[in-house]
Amino acid sequence: MSRFVVMAAAIALSTGHALANGHGGGDTPPPPKPEATTAPAKVVLTKQGPKLVDLKGMTLYYYERDTTGKTSNCNGKCTESWVPLAATADAKAVGDFTVISRNDGTKMWAYRYRPLYTSPADKAPGDANGNATTLQWRIARPE
């Protein structure tokens, strides 16, 4: 008789666990994970304060003449000295980063509505050789 009670208790416990774990009908799959969106740049701390760099660690700049937040004023020959931070055609805004359309139809990233560029004068991550105050180019900072 005691074996029967032990068996009945074991069956009752295992059935309870199965139901509690969602194996008792009405299985629902877990909700889909939200799509991961990666920002096109990150903040690094330097002796001169925080600055924005692209995902390869290259310093990012903005042009003071880019004031509307919707367009870039650096087109044509200008892009030989200042390379727009390219965005894919289907890129979506994330946080303070937005996507704007360029005159040539390509997309580029902007930070707080200021288009972002790299400088070919920077040869290695951390370089900031493109800071040209006379030409109104500034290091992009998360301020």
Side-chain angles (χ1 to χ4, degrees), residues 3 5-143:
R3 267 194 265 173
V5 172
V6 170
M7 288 290 273
I11 291 171
L13 286 174
S14 65
T15 304
H17 286 299
L19 291 173
N21 288 333
H23 297 294
D27 284 351
T28 54
K33 293 181 180 177
E35 188 175 307
T37 307
T38 305
K42 58 188 176 182
V43 176
V44 296
L45 298 177
T46 68
K47 290 179 184 174
Q48 295 77 32
K51 70 178 180 179
L52 291 174
V53 298
D54 68 10
L55 298 179
K56 296 175 186 171
M58 302 304 285
T59 301
L60 292 170
Y61 301 87
Y62 71 89
Y63 187 33
E64 287 187 355
R65 292 186 182 167
D66 287 341
T67 56
T68 68
K70 296 177 184 168
T71 60
S72 166
N73 287 307
C74 180
N75 296 293
K77 203 154 181 69
C78 178
T79 60
E80 293 173 15
S81 299
W82 300 98
V83 181
L85 183 59
T88 60
D90 62 345
K92 304 267 189 269
V94 57
D96 287 329
F97 295 96
T98 54
V99 180
I100 64 169
S101 294
R102 298 187 43 74
N103 286 359
D104 63 5
T106 62
K107 305 275 185 182
M108 74 179 290
W109 286 104
Y111 178 74
R112 294 187 178 168
Y113 300 100
R114 282 208 182 252
L116 296 170
Y117 307 85
T118 58
S119 171
D122 295 342
K123 302 300 180 199
D127 285 355
N129 301 317
N131 201 28
T133 54
T134 58
L135 298 175
Q136 300 179 328
W137 288 91
R138 306 277 186 261
I139 293 173
R141 301 194 185 276
E143 303 167 327

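Since the model is a prediction, treat every value here as computed from it, not as a measurement.
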Which pair of non-hydrogen atoms, one from L60 and one from A41, has the smallest distance, and what is that distance?
-> CD1-CB, 3.5 Å
Any side-chain heavy-atom pair of C74 and T79 under 4.5 Å | yes
Distance from L52 atom CG to Y111 atom OH, nearest 0.5 Å?
-> 5.5 Å
Residues two or more places apart in sequence or in another chain: which of them pass salt bridge (Lys or Arg N to Asp or Glu O under 4.0 Å) with K56?
-> none
Partners of R65 by salt bridge (Lys or Arg N to Asp or Glu O under 4.0 Å), sequence neighbours excluded?
-> none
Quick one: pull up OG1 in T98 and CH2 in W109 and give me the separation to the nearest 0.5 Å.
-> 8.0 Å
Does anything in residues 117-128 pair up under salt bridge (charged side-chain N to carboxylate O under 4.0 Å, His left out), and if so which pairs, sequence neighbours excluded?
-> none
Do any N or O atoms from the side chain of R138 and from the backbone of Y62 form a donor-acceptor pair under 3.5 angstrom?
-> no
Compute the centroid of each ring, for W82 and then for Y61, and state whether the two points are separated by less than 6.0 Å.
-> yes
Heavy-atom closest pair, residues V94 and P40 = CG1-CD, 4.2 Å
Donor-acceptor contacts under 3.5 Å from residues 113-120 side chains, at least two apart:
residue	atom	partner	partner atom	Å
Y117	OH	D66	OD2	2.6
Y117	OH	S72	OG	2.5
S119	OG	A121	N	3.1

Quick one: salt bridge (Lys or Arg N to Asp or Glu O under 4.0 Å) partners of D96, sequence neighbours excluded?
-> R112
How about V53 and K42: do any of their side-chain heavy atoms sit closer than 4.5 Å?
-> yes
Under the side chain to side chain contact (heavy atoms under 4.5 Å, CB included) criterion, do K70 and I100 qualify, and how do the steps go?
-> CA-CA 6 Å; K70 296 177 184 168; I100 64 169; 5.5 Å; no
Non-neighbouring partners of T67 that pass side chain to side chain donor-acceptor pair (under 3.5 Å), sequence neighbours left out | none
Atom pair CG/CZ of N73 and R102 - distance to nearest 0.5 Å | 10.0 Å
Output the distance between atom CG (N129) and atom OG1 (T59), rounded to the nearest 0.5 Å.
-> 8.5 Å
Non-hydrogen atoms of L55 and A39 that approach each other most closely | CD2-O, 3.7 Å
Note, V44 side chain near K51 side chain (heavy atom, < 4.5 Å) | yes
